Amino acid sequence: MKDPLLITGGLGFLGSWTVEEAVRRGYRVVVVDAFTYAADPENLSSLKTRFLVPRQRNVWGVIRVVHGLNAYPLVSPVGTPDYEVVEDVPGEVERFLESDLDVLVIISSVEDYELMKSLMGYVGGVIHLAAETHVDRSIEDAWDFIRAEVIGFHSTVDAFRRVKGKTGKFLLVSTDEVLGEVMEGYASEDHPLKPRNPYAAAKAAQEHFAQSYINTYGTPITIVRPTNAYGPRQHVEKFVPKIIKNALENLPIPIYGDGRQRRVWIYAEDVATAVLDVYERGDVYEIYHVATDDELENRELVKTILGMMGKPHSLMNFVKDRPGHDRRYALKWDKIKSLGWRPKTPLEDGLLKTIEYYRAKYGSRPFVRR
Ligand SMILES: NC(=O)c1ccc[n+]([C@@H]2O[C@H](COP(=O)([O-])OP(=O)(O)OC[C@H]3O[C@@H](n4cnc5c(N)ncnc54)[C@H](O)[C@@H]3O)[C@@H](O)[C@H]2O)c1
């Protein structure tokens with residue numbers, strides 16, 4: 001019997017793929033997710049899931065509104081029939097672990113330190129994905145990124161340290177963006193951190209805290225740095241879903257600058273298998289890069305998707321570049337191969353699945369945000 005797993009941010013894009021992969025491997029999963037605009041309960045619809053909101057701690061929405069920290073609406077889950085408001089979260093976790101459910105979703109920010117401490121005794125380890133993730137939003141205003149990435153990460157890792165000490169495993173999902181742009185060759189795991197936008201800086205702050213906890217307390221942390229992921233369930237503000245959505249609606253597709261920024265693309269399910277492989281077989285205190293060999297210029301990616309959808313290149317619309325836009329990310333990913341992991345989804349297959357997902361979701365109807 002595997003020890004239960006706590007996965008933060010499990011209602012988001014990569015989080016939900018990770019939860020599914022964990023359940024497939026026989027884990028009972030507790031999710032903590034703040035239910036921001038990027039979360040969607042539908043992402044876990046293939047699993048037997050219960051959603052609950054801790055009554056006394058449902059302060060997240062209130063804080064966001066009162067302090068005006070958030071420009072976008074938080075959909076309140078309270079009062080809708082699918083969500084239960086509960087008093088005794090540990091009691092509910094115990095009941096969940098005796099039930100035949102796959103996942104227990106607790107709607108809360110990971111900033112709730114008391115909540116995070118109360119959960120750590122029930123799980124063997126943590127996979128931390130909760131974050132604000134859209135670079136453009138971080139350029140507009142970085143406060144939410146500092147709260148989610150820095151305060152939220154500290155709350156989670158410190159709760160883990162205080163309850164579990166040096167036992168169990170803590171996996172931090174970081175990003176290739178912490179290394180800054182890599183113009184030549186490929187960056188290995190010991191490349192210096194040189195973040196160049198506020199999102200990347202917030203993620204790099206997580207890594208600095210993680211290394212300080214490894215050094216100071218011996219906390220058993222492992223870090224993974226995935227490259228750019230795509231696939232079903234990603235919020236439509238991101239590049240690949242935006243290309244597909246605009247193409248479905250025959251709208252211009254905005255491409256920053258000259259469109260010659262280079263990115264390496266990986267299908268979401270392959271990120272999830274990498275995360276679980278590293279969680280299960282990776283060495284603690286190590287960093288693992290997660291990537292593929294599918295490196296493309298952004299404008300090539302747009303052309304590829306338009307070609308697959310039978311849409312004209314005239315939809316490509318070059319717009320003013322975003323400030324500080326990194327030209328290239330490129331990871332050396334030999335180390336994770338030693339764990340036996342390989343990406344399984346060729347770019348074209350992954351893109352086809354992604355196009356089909358958004359076509360089924362939005363079809364040719366005008367897009368309406370949830
Ligand atoms: N998508 C990518 O290409 C990519 C690449 C490398 C690394 N990553 C990392 O993977 C992780 C997941 O990325 P994603 O693309 O799935 O993001 P996403 O934006 O789709 O999902 C993030 C999830 O975290 C939740 N969340 C945000 N703040 C929270 C908080 N304070 N407390 C609890 N939950 C909170 C949101 O509600 C959402 O469900 C992030 O840490 C990101 O930095 C993503």
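First listed ligand is number 1; within each ligand, the first listed atom is number 1. Just so it is clear, the structure is predicted and the values come from calculations on it, not from any experiment.
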Check your understanding: Does any N or O atom in H128 lie less than 3.5 angstrom from one in ligand 1, N or O only?
Key -> no
Check your understanding: Who pairs with H289 by ring-ring contact (aromatic ring centres under 6.0 Å, His included), at least two apart in sequence or on another chain?
Key -> none
Practice item. Answer yes or no for S108: is there a heavy-atom contact with ligand 1 below 4.0 Å? Key: yes
Point to revise | N or O contact, T175 vs ligand 1, cut-off under 3.5 Å | key: no
Check your understanding: Counting heavy atoms only, which of G12, A131, G231, A202 comes nearest to atom 24 (O) of ligand 1?
Key -> A131
Check your understanding: Between R263 and D294, does at least one N-O distance fall below 4.0 Å, as a salt bridge requires?
Key -> no
Check your understanding: Relative to ligand 1, is F35 under 4.0 angstrom through side chain, backbone, both or neither, heavy atoms considered?
Key -> backbone
Check your understanding: Is the shortest side-chain N to carboxylate O distance from K344 to D270 below 4.0 Å?
Key -> no
Check your understanding: Among R137, K242, K245, which residue meets the salt bridge (Lys or Arg N to Asp or Glu O under 4.0 Å) test with E237?
Key -> R137
Exercise for review: Would you indicate which of S109, A34, P226 comes nearest to atom 34 (N) of ligand 1 when only heavy atoms are counted?
Suggested key: A34
Study note, to complete from the structure: Per-atom filter on ligand 1: closer than 4.0 angstrom to a heavy atom of A130 are 24 (O), 33 (C), 34 (N), 35 (C)
Check your understanding: So among E184, E181, E295, which one has a salt bridge (Lys or Arg N to Asp or Glu O under 4.0 Å) with R328?
Key -> E295
Check your understanding: Is it true that T8 lies under 4.0 Å from ligand 1, counting heavy atoms only?
Key -> no
Practice item. Would you tell me which option among Y329, Y199, W17, Y37 has the nearest heavy-atom contact to atom 43 (O) of ligand 1? Key: Y199
Practice item. Would you tell me whether D158 and Y113 have side-chain atoms, one donor and one acceptor, within less than 3.5 Å of each other? Key: yes
Review point. Side-chain donor-acceptor pair under 3.5 Å between D326 and Q261, yes or no?
Key: no
Point to revise | Close N or O approach (D33, ligand 1; < 3.5 Å) | key: yes
Exercise for review: Flag yes if more than 12 heavy atoms outside K337 fall under 6.0 Å of its NZ atom; otherwise flag no.
Suggested key: yes
Pair up each side-chain donor or acceptor in residues 301-317 with any protein partner under 3.5 Å, not counting sequence neighbours, and list the distances.
residue: T304; atom: OG1; partner: E300; partner atom: O; Å: 2.8
residue: K311; atom: NZ; partner: A247; partner atom: O; Å: 3.4
residue: K311; atom: NZ; partner: N250; partner atom: OD1; Å: 2.8

Practice item. Give yes if a backbone or side-chain nitrogen or oxygen of A38 is under 3.5 Å from a nitrogen or oxygen of ligand 1, and no if not. Key: no
Point to revise | Atom NZ of K117: over 12 foreign heavy atoms under 6.0 Å | key: yes
Practice item. Tell me, please: is G10 in heavy-atom contact with ligand 1, that is, under 4.0 Å? Key: no
Review point. Is any N or O atom of D176, backbone or side chain, closer than 3.5 Å to an N or O atom of ligand 1?
Key: no
Study note, to complete from the structure: Candidates A268, S174, G152; heavy atom nearest atom 8 (N) of ligand 1 found on S174
Check your understanding: Looking at ligand 1, does I266 have a heavy atom less than 4.0 Å from it?
Key -> no
Practice item. Could you tell me whether some N/O pair between K203 and ligand 1 is separated by less than 3.5 angstrom? Key: yes
